[in-house]
Amino acid sequence: MLEQFYDFSSRLLELDKQAMELCKPEFEKVEAIRDYNQVKMLKAFTENHVAANHLVGTTGYGYDDAGRDKLDQVFAQVVGAEDALCRSHFLSGTHALTVALFGLLRAGDTLLAATGRPYDTLEGVIGIGDAGKGCGTLAEYGVKYDEVPLLGGCEPDYENIAKKAPGAKVCHIQRSRGYSSRPAFSLETIEKVIKAARSTNPDIIVMVDNCYGEFTQTREPIAAGADLIVGSFIKNPGGGIAPTGGYVAGRADLVELCGHRLTCPGTGRELGSTLDSLRQMYLGLYYAPGVTAEAVKTSIYASCLLELMGKNPIPRYTDPRNDIVTSFDCGNPEALIDFCQGIQAGSPVDSFVAPEPYAMAGYNDEVIMAAGAFTSGSSIELSCDGPLREPFTAYLQGGLNFAASRAGVLLAIQRAFKNEL
Ligand SMILES: *Cc1c(COP(=O)(O)O)cnc(C)c1O
């Protein structure tokens with residue numbers, strides 16, 4: 001079928017056929033998770049009595065915005081939390097994480113990063129080294145920072161976490177990998193990290209950066225003991241439909257604190273009109289289990305194909321998934337750029353432009369990003385990016401539907417590795 005639309009080499013089509021066969025049992029597991037999460041979602045909508053009037057937003061101050069508050073309840077139920085803030089007013093995942101960190105931490109408190117260095121853009125928020133200097137980082141507000149590096153770059157150091165936890169107010173855990181070469185953490189691993197931290201500090205507040213992890217399993221990190229989870233609506237939970245936004249969910253008292261930081265201390269979550277955003281937020285959330293499953297299938301398929309090509313992707317196609325990312329080392333800048341340009345060519349929007357590396361705010365190295373997306377920068381849509389540094393690792397994620405994303409992955413592989421096909 002594919003060859004009717006694209007000029008793929010016969011070798012590549014043969015590899016595609018093999019990969020589709022090998023992925024079958026893995027896809028079945030993904031579909032079982034999807035079906036469970038979708039029915040859980042339906043129950044959250046029906047039990048909370050979502051009604052047509054909730055899909056219509058407010059203007060001005062947004063007091064008594066019933067649709068906004070209802071969405072919080074639905075989301076909280078779906079992720080197993082006491083309470084949630086789902087807001088189009090969160091500008092990105094980094095912003096939601098920033099609101100949570102500033103909401104929880106006060107001068108003199110310590111933030112402990114238990115799973116190594118947090119995501120690149122958080123370095124400026126925390127004020128690690130010179131990052132964010134002069135911009136009002138947590139460090140400049142008197143919040144101290146400590147870190148437990150991962151053992152061998154991929155395994156939490158439970159002993160050290162237990163040792164460092166007593167001095168800390170908040171424990172930060174990152175579920176997905178960011179720009180590192182470890183697989184995402186399973187909920188079992190997250191649970192062990194939390195137990196290690198609580199073994200020496202029962203009051204420590206555990207906050208999980210849940211970006212890319214939502215709906216990849218049937219449970220969320222709250223079920224593993226996290227107090228708060230944070231993420232972006234232009235990733236998994238927005239289902240490719242929410243045009244912007246993020247969330248904070250977890251313990252009711254902590255969510256409340258985050259509300260005061262999101263708007264104004266003393267006013268909190270009562271404020272914030274939703275304009276015309278609610279229908280898309282609800283619809284996107286409703287679709288999120290299915291869309292996330294399509295992205296996970298794309299990730300599994302890409303891992304399989306890359307493994308057949310001898311590219312050693314992380315994770316392997318048979319590994320359980322806890323995020324939607326597949327990475328592999330391109331080895332040289334040209335292959336990374338070609339791969340990203342191939343993904344762009346297989347995207348529904350802006351397929352005819354070629355992305356180039358550039359210096360992006362919040363990132364230390366030049367970055368190349370392919371995203372031919374309906375929502376600008378959305379990475380639940382098929383996208384690929386990587387920093388221009390050794391070993392030129394490509395991070396592939398997303399895919400609103402597997403059939404189209406499969407073609408995109410093939411275009412990227414053909415372009416980057418044409419002399420091997
Ligand atoms: C995407 C992501 C973030 C936040 O990124 P934004 O681009 O600000 O939405 C944070 N942590 C991880 C692990 C991520 O994948």
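Counting convention: from 1, in listed order, for ligands and their atoms alike.
- For the side chain to side chain contact (heavy atoms under 4.5 Å, CB included) test with Leu305, the passing option among Leu410, Leu22, Ile300 is Leu410; the others fail.
- A heavy-atom cutoff of 4.0 Å around ligand 1 is satisfied by the protein residues Ser92, Gly93, Thr94, Leu97, Tyr119, Gln174, Asp209, Cys211, Tyr212, Lys235.
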Distance-only check: which donor-acceptor pairs under 3.5 Å involve side-chain atoms of residues 221-245, not counting sequence neighbours?
from	atom 1	to	atom 2	distance (Å)
Asp227	OD1	Arg198	NH2	3.3
Asp227	OD2	Arg198	NH2	2.8
Asp227	OD2	Val206	N	2.8
Ser232	OG	Ile234	N	3.1
Asn236	ND2	Tyr212	O	2.9
Asn236	ND2	Glu214	O	2.9

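- Partners of Lys192 under the salt bridge (charged side-chain N to carboxylate O under 4.0 Å, His left out) rule, at least two apart in sequence or in another chain, do not exist in this structure.
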Walk me through whether Tyr179 and Asp365 qualify under side-chain hydrogen bond (donor to acceptor under 3.5 Å, both in side chains). CA-CA 11 Å; Tyr179 291 114; Asp365 298 274; over 6 Å; no
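- For Ser383 (side chain) and Glu381 (main-chain N/O), a donor-acceptor pair under 3.5 Å exists by modelled atom type.
- Every pair tested for salt bridge (Lys or Arg N to Asp or Glu O under 4.0 Å) that includes a residue from residues 89-108 fails, sequence neighbours excluded, so the list is empty.
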